[in-house]
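The model shown is predicted, which means the values in this text are computed figures rather than measured ones. Letters go in sequence order (proteins before strands), and every chain restarts at 1.
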Amino acid sequence: MVNRIEIRIAGHGGQGVVLAGQILGKAAVYDGKNALQTQSYGSEARGSSAKSEVIISDHRINFPAVRKCDILIAMNQEALDKNLVALKEKAILIVDSTNVHEIPQTKVRVFKVPATEVAQKTFGKSLYANMVILGALAKITQIVSTKALERVIRESVPPETMEANLKAYKKGLQLSNGSVLQGPN
Amino acid sequence: MHEDEEKTYFWSGNEACAEAAIIAGCRFFAGYPISPANEIAELMAKKLPKANGIFMQMEDELASIGAVMGASWCGVKAMTATSGPGFSLMQETIGWGFMTETPCVIVDVQRLGPGTGQATKCGQGDVMQARWGTHSDYMAIVLSPNSVQETFELTIRAFNLSEKYRTPVILLTDETIAHVRERITVPKKERIEIIDRKKPTPKDRRFFGLEDIAPMPAVGEGFNVAVTASTHNEYGIRFTADPLIHRRLVENINNKIRKNASEIEDVERYNVEDCQVGVVSYGCTSRGVYEAIKEVEKRGVKIGHIRLKTLWPFPEKAVRDLAKNSEKIIVPEMNLGQIFYEVKRVACNVDVVPVNKIGGGELITPEEIFAKILEGGSQDN
């Protein structure tokens with residue numbers, strides 16, 4: 001039974017953190033759980049800070065906001081610096097290590113995923129970093145099934161980019177098997 | 001959507017509102033863009049044409065509500081969606097709707113004001129405006145959902161009540177409930193009750209201000225009736241100085257809501273009969289209350305909770321029941337005190353304590369509600 005797991009995905013506009021949150025929440029619902037997702041961003045379309053929050057539970061979800069994160073995904077350095085204080089003691093921190101270079105001393109478990117680098121190398125653009133991260137998240141935490149995630153990605157992205165998105169997601173799944181992951185910092 | 005089976009989705013409140021409107025039979029939407037209501041218009045623009053309906057983006061909110069009233073008199077279920085500033089602009093024509101007894105649904109997704117305030121941030125400051133926004137004597141029906149699932153249900157109820165009582169109905173949501181995505185189950189079509197307005201028989205000539213709700217003809221059906229928000233008799237003839245005709249019309253327009261208040265009022269009751277402290281909440285703020293109650297109960301304090309799904313007519317009896325047993329009643333709201341005064345009026349022998357918070361869309365947290373519940377006399381329990 002899952003009792004209220006609070007997840008925050010933080011980055012800047014254009015990194016796809018909102019879509020990643022929506023996909024994650026919907027996948028949890030397809031797994032038969034309750035899920036709730038919110039988002040906030042600055043008024044600029046790209047470049048300003050953006051965050052998406054997802055709460056997953058087997059029970060009814062009452063308060064509709066994340067106060068302390070069980071899981072934080074930081075897509076850049078600013079996102080990490082801002083949200084580090086919001087981590088629970090036994091939290092999981094996943095950073096896009098292409099953009100995050102300094103990880104302060106912390107007791108939480110840290111996983112470094114070079115999502116942007118993988119996206120750039122594979123597709124020539126950083127656009128798919130959010131899918132790489134989703135793959136890594138699924139592998140590391142198993143809070144949603146890969147079956148549900150894949151189904152939601154298929155439903156959520158435009159047909160012309162579906163193959164690329166799925167490929168990026170699978171890269172993320174594989175990455176987390178490799179040596180790029182790191183235990184307690 | 002397959003209408004013959006129950007289905008689960010992950011929708012935002014605004015998505016649930018638009019989907020429910022179409023299921024309720026809405027076939028006309030007119031609106032003007034405004035945060036945080038835009039997704040409703042966006043979805044209606046996409047979906048209505050496929051459902052043989054019409055979507056119109058108008059030049060402003062005055063035109064939008066005018067088009068909605070016009071559509072309703074063409075025999076179509078009609079809706080608009082807006083937020084505080086747009087809701088303000090619509091008030092004159094909403095009054096026209098009350099006086100002409102025009103069924104329609106107005107969605108106000110609350111943000112922070114006054115003025116343009118904080119356009120993308122959550123607030124609950126339109127509670128009194130929804131009741132008293134237009135001038136003079138009328139009774140508004142105002143519904144307040146606290147989840148995506150309930151936004152779906154209350155949107156359908158808003159249409160049903162507006163058709164049944166031939167009156168504008170306001171669905172008062174807020175930015176949080178409008179934008180949050182949640183699990184929602186859409187029931188099978190045959191399990192959703194849909195109410196349509198009473199239509200006249202060819203011999204009917206009395207279409208206004210009847211004690212029982214009058215049948216409503218549509219333009220083009222040949223009844224040749226004038227529709228005017230000036231005082232009129234039951235045939236639609238203007239009488240702009242006759243005291244008795246005005247009195248009878250306006251009293252009947254009010255009475256059709258007042259006399260049916262117990263049917264319209266809807267609340268979620270929790271432990272009302274056996275409590276030391278009461279809470280009255282509505283909309284997004286109630287979500288923190290549930291959490292606070294769980295924590296307070298661990299301390300052995302008995303809590304009663306009335307969660308208002310109907311804000312207006314104000315569910316007086318339910319709040320009075322809560323006041324019978326409570327030493328004090330907490331009223332958390334994301335404004336500087338609105339429903340608080342209603343609770344105070346009804347629960348006059350009890351200490352009524354407001355919890356208010358505005359700015360940045362910050363929700364009232366369970367901890368803040370928890371602290372207020374335990375504050376003072378009840379702490380020793």
Side-chain angles (χ1 to χ4, degrees), chain A residues 2-9 13 17-45 48-68 86 144-145 148-149 151-156, chain B residues 7-15 35-36 39 116 118-122 145-151 174-186 268 270 281 283-295 305 307 332 334 357 360-370:
Chain A
V2 178
N3 193 9
R4 198 179 168 105
I5 294 182
E6 305 196 3
I7 304 148
R8 180 174 291 163
I9 309 171
V17 304
V18 171
L19 182 62
Q22 289 173 5
I23 289 173
L24 182 61
K26 199 173 181 183
V29 166
Y30 283 174
D31 278 339
K33 295 187 169 69
N34 274 319
L36 180 153
Q37 182 266 339
T38 63
Q39 62 211 38
S40 68
Y41 32 77
S43 45
E44 305 91 341
S48 64
S49 68
K51 79 176 176 193
S52 181
E53 296 182 342
V54 182
I55 302 170
I56 297 173
S57 178
D58 280 318
H59 306 284
R60 189 170 87 164
I61 298 169
N62 291 321
F63 192 61
V66 166
R67 282 161 292 169
K68 285 275 186 185
V144 285
S145 70
L149 259 183
R151 179 180 160 199
V152 180
I153 292 171
R154 284 182 192 279
E155 288 176 4
S156 307
Chain B
K7 283 198 98 177
T8 298
Y9 298 92
F10 190 58
W11 282 343
S12 71
N14 278 347
E15 279 178 280
S35 285
E39 296 82 3
T116 34
Q118 293 185 320
T120 62
K121 302 300 181 190
C122 184
N146 84 336
S147 66
V148 172
Q149 182 76 46
E150 202 171 86
T151 302
D174 54 62
E175 187 275 337
T176 297
I177 298 304
H179 282 161
V180 71
R181 279 182 180 74
E182 292 186 288
R183 182 191 182 92
I184 168 177
T185 304
V186 174
E268 180 188 321
Y270 175 78
S281 75
C284 65
T285 305
S286 65
R287 303 284 292 260
V289 173
Y290 296 133
E291 208 112 313
I293 287 175
K294 274 197 276 176
E295 289 307 310
H305 184 201
R307 206 254 305 169
M334 284 171 70
K357 191 170 177 181
E362 285 180 5
L363 300 169
I364 301 177
T365 63
E367 291 76 13
E368 287 165 331
I369 297 162
F370 175 85

Is it the case that the side chain of B:R287 and the backbone of A:I61 share a donor-acceptor pair, with hydrogens and angles ignored and the cut-off at 3.5 Å? yes
Turns out that what part of B:I364 lies under 4.5 Å from chain A's heavy atoms comes down to backbone
For A:F63 and B:G288, the nearest pair of non-hydrogen atoms, with its separation, is CD1-CA, 3.6 Å
Side chain, backbone, both or neither of B:S12 within contact of chain A (heavy atoms, under 4.5 Å): neither
State which residue, out of B:L363, B:I177, B:N146, fulfils the side chain to side chain contact (heavy atoms under 4.5 Å, CB included) condition with A:P64. B:L363
Stepwise salt bridge (Lys or Arg N to Asp or Glu O under 4.0 Å) test for B:E182 and A:R60: CA-CA 11 Å; B:E182 292 186 288; A:R60 189 170 87 164; over 6 Å; no
Who among B:R181, B:K294, B:E291, B:H179 has the most heavy-atom pairs with chain A under 4.5 Å? B:R181
Of the backbone (N, CA, C, O) and the side chain (C-beta and beyond), which part of A:E53 lies under 4.5 Å from a heavy atom of chain B, both, or neither? neither
For the CZ atom of B:F10 and the CG atom of A:N34, what is their distance to the nearest 0.5 Å? 10.0 Å
Short question: side chain of B:R183, backbone of A:K33 - any donor-acceptor pair under 3.5 Å? yes
Separation between OH of B:Y9 and NZ of A:K26, rounded to the nearest 0.5 Å: 9.5 Å
